[in-house]
Amino acid sequence: MTASRAAMSFAGAVGFGQETTYGTAASITDWIAAESATPSVKRAQQPWPLITYDWEAVASVPGLLEVGVSIAFNVYNAGAISNLLSAATYRVPFGASSGTIAQPHSYTIELVMDNGSSIRLVGCVANSLSLSVKPSDIVKGTVEFQAVNASVVSSSTPSVSLGAMYHGSNTAVTFGGTANVLCNSFDVNLANNCSRRYTFTGGPQARRVRAANQLVKGNFQFDFEDTTQFENFLGGVDQAVAVTIAGSDGSALEFDLPVVRYEGDDPALNGANIVEDKIPFMAVKSQVAGHAFTVAIND
């Protein structure tokens, strides 16, 4: 009996390999354990309506194949996770020096099933990265890639090495170097604003994926016992924010946002509940630090 798609399950293993040539499959060198992976494959058919004796379209123009994948994962201490975070934030092209404005690296990604098959995506460029830190949960992340092509291949053998998890309850936050114990959640979203490029000589796949201006936004949530951050928002005061999450193995997950500008304020005044203040922000590239946002695992 032929195996059906319903008989497959996602094995939770995702492989990465950095490409030397954009869109040419690279060997898998890193493996992570993912909570989910959602490939998106679209080919929009363009019907060609004709005046005929019936209403069905009798021809169509094959659409370009557009491919992407969203990968959700828990952040833990492993070189593969560090490389994944770097892939999402890296802004320097092949062979270029630091600070050059150009396109980020591309990757081959393999999504492993439990039946010996994998979905392989090539020419993957990170379009967005989201990270969420809450005191009640393990730090979670999602990376979304845009790709050039997808295929089904025989699975590689996954080699996933789990390190210590980072839990939100072990988080320290400083604003301008001053610790804030009332900050009770933090999330950040980085967007590379990737777009697909099409040419007259292109094949059935979408052509080179390019990154535009990087944008970093997010939210802080505070208990409203101290009005300092609310006052900074009202006064338009820039903040240098550092977030450090300690791991049980002595390592640390560290976020650095040298210039944070608050965009809005949403204090929740709700009956007898504790007043909480949720302040959206945008991170701006610091001319001194040379970046708007960095995330790293430091042992």
Side-chain angles (χ1 to χ4, degrees), residues 5 8-19 22-23 25-42 65-91 104-115 117-134 137-153 155-163 165-166 187-194 196 206 209 211 214-216 218 253 255 293 295-297:
R5 293 178 64 171
M8 303 181 193
S9 295
F10 175 50
V14 177
F16 295 85
Q18 184 173 305
E19 297 175 350
Y22 170 78
S27 299
I28 301 301
T29 56
D30 289 317
W31 291 95
I32 71 163
E35 287 193 322
S36 66
T38 308
S40 172
V41 181
K42 181 178 74 171
L65 186 67
E66 296 186 0
V67 184
V69 63
S70 177
I71 301 168
F73 59 98
N74 293 323
V75 182
Y76 55 89
N77 184 13
I81 291 291
S82 292
N83 292 339
L84 175 60
L85 296 175
S86 296
T89 58
Y90 196 60
R91 299 289 293 174
H105 287 173
S106 64
Y107 297 82
T108 296
I109 296 177
E110 182 177 339
L111 312 176
V112 179
M113 311 299 160
D114 61 1
N115 70 338
S117 296
S118 288
I119 297 175
R120 184 176 68 184
L121 304 100
V122 297
C124 298
V125 174
N127 188 35
S128 66
L129 167 67
S130 299
L131 293 165
S132 177
V133 183
K134 292 180 171 53
D137 205 351
I138 293 168
V139 179
K140 296 183 180 296
T142 301
V143 177
E144 183 258 324
F145 290 88
Q146 289 193 26
V148 169
N149 200 3
S151 60
V152 177
V153 299
S155 292
S156 304
T157 302
S159 178
V160 178
S161 178
L162 288 175
M165 295 285 181
Y166 297 102
D187 61 76
V188 62
N189 303 287
L190 178 149
N192 287 323
N193 294 309
C194 291
R196 303 180 188 277
V209 176
Q214 194 177 79
L215 185 65
V216 181
L253 177 65
F255 305 90
F293 169 63
V295 53
I297 296 173

pair V14-F73: side-chain heavy atoms closer than 4.5 Å:
no
Minimum side-chain heavy-atom gap V148-Y22 below 4.5 Å
yes
Separation between CG of N83 and NE2 of H105, rounded to the nearest 0.5 Å:
12.0 Å
In terms of heavy-atom contacts, S118 and S155 come closest through OG-OG, 2.7 Å
Return yes if some donor-acceptor pair links the side-chain N/O of Y107 with the main-chain N/O of F145 below 3.5 Å, else return no.
no
E110 side chain to S156 main-chain N or O, any donor-acceptor pair under 3.5 Å?
yes
Checking S117 side chain against M113 main chain: does a donor-acceptor pair fall under 3.5 Å?
no
By side chain to side chain contact (heavy atoms under 4.5 Å, CB included), S82 pairs with (sequence neighbours left out) I297
Side chains of D30 and I32 in contact at under 4.5 Å (non-hydrogen atoms)
no
Would you name the heavy atoms of A37 and L111 that are closest together and state the gap between them?
CB-CD2, 3.9 Å
Please confirm whether the backbone N or O of N74 pairs with a side-chain atom of E35, one donor and one acceptor, at under 3.5 Å?
no
Taking every heavy atom of S130 against every heavy atom of N189, the minimum-distance pair comes out as OG-OD1, 2.8 Å
Just how far is it from atom CG of D114 to atom CZ of F10, taken to the nearest 0.5 Å?
10.5 Å
Any heavy-atom pair between the side chains of Y76 and I138 that's under 4.5 Å?
no
Quick check for you: to the nearest 0.5 Å, what is the distance between S27 atom OG and Q18 atom CD?
12.5 Å
From CG (L215) to OG (S128), nearest 0.5 Å
11.5 Å
N/O donor-acceptor pair under 3.5 Å between T108 side chain and A26 backbone
yes
Between N149 (side chain only) and G23 (backbone N and O only), is there a donor and an acceptor less than 3.5 Å apart?
no
Over all heavy atoms of both residues, which pair between S70 and T142 is shortest? Give the atoms and the distance, please.
OG-CG2, 3.5 Å
Could you pull out the closest heavy-atom pair between G68 and L121, with the gap in Å?
O-CD2, 3.8 Å
In terms of side-chain heavy atoms, does K42 have a donor or acceptor partner in S40 at a distance below 3.5 Å?
no
Which atom names give the shortest non-hydrogen contact between I119 and P39, and what distance separates them?
CD1-CG, 4.1 Å
CD on Q214 to CG on L190, rounded to 0.5 Å:
4.0 Å
Compare all side-chain heavy atoms of I109 with those of I71 and state whether any distance is below 4.5 angstrom.
yes
So, do I81 and L85 sit near enough that their side-chain heavy atoms are less than 4.5 Å apart?
yes
Looking at C194, is its backbone amide N or carbonyl O close enough to the side chain of N127 to form a donor-acceptor pair, meaning the two atoms are under 3.5 Å apart?
yes
Separation of L253 CG from M165 CE (nearest 0.5 Å)
12.5 Å
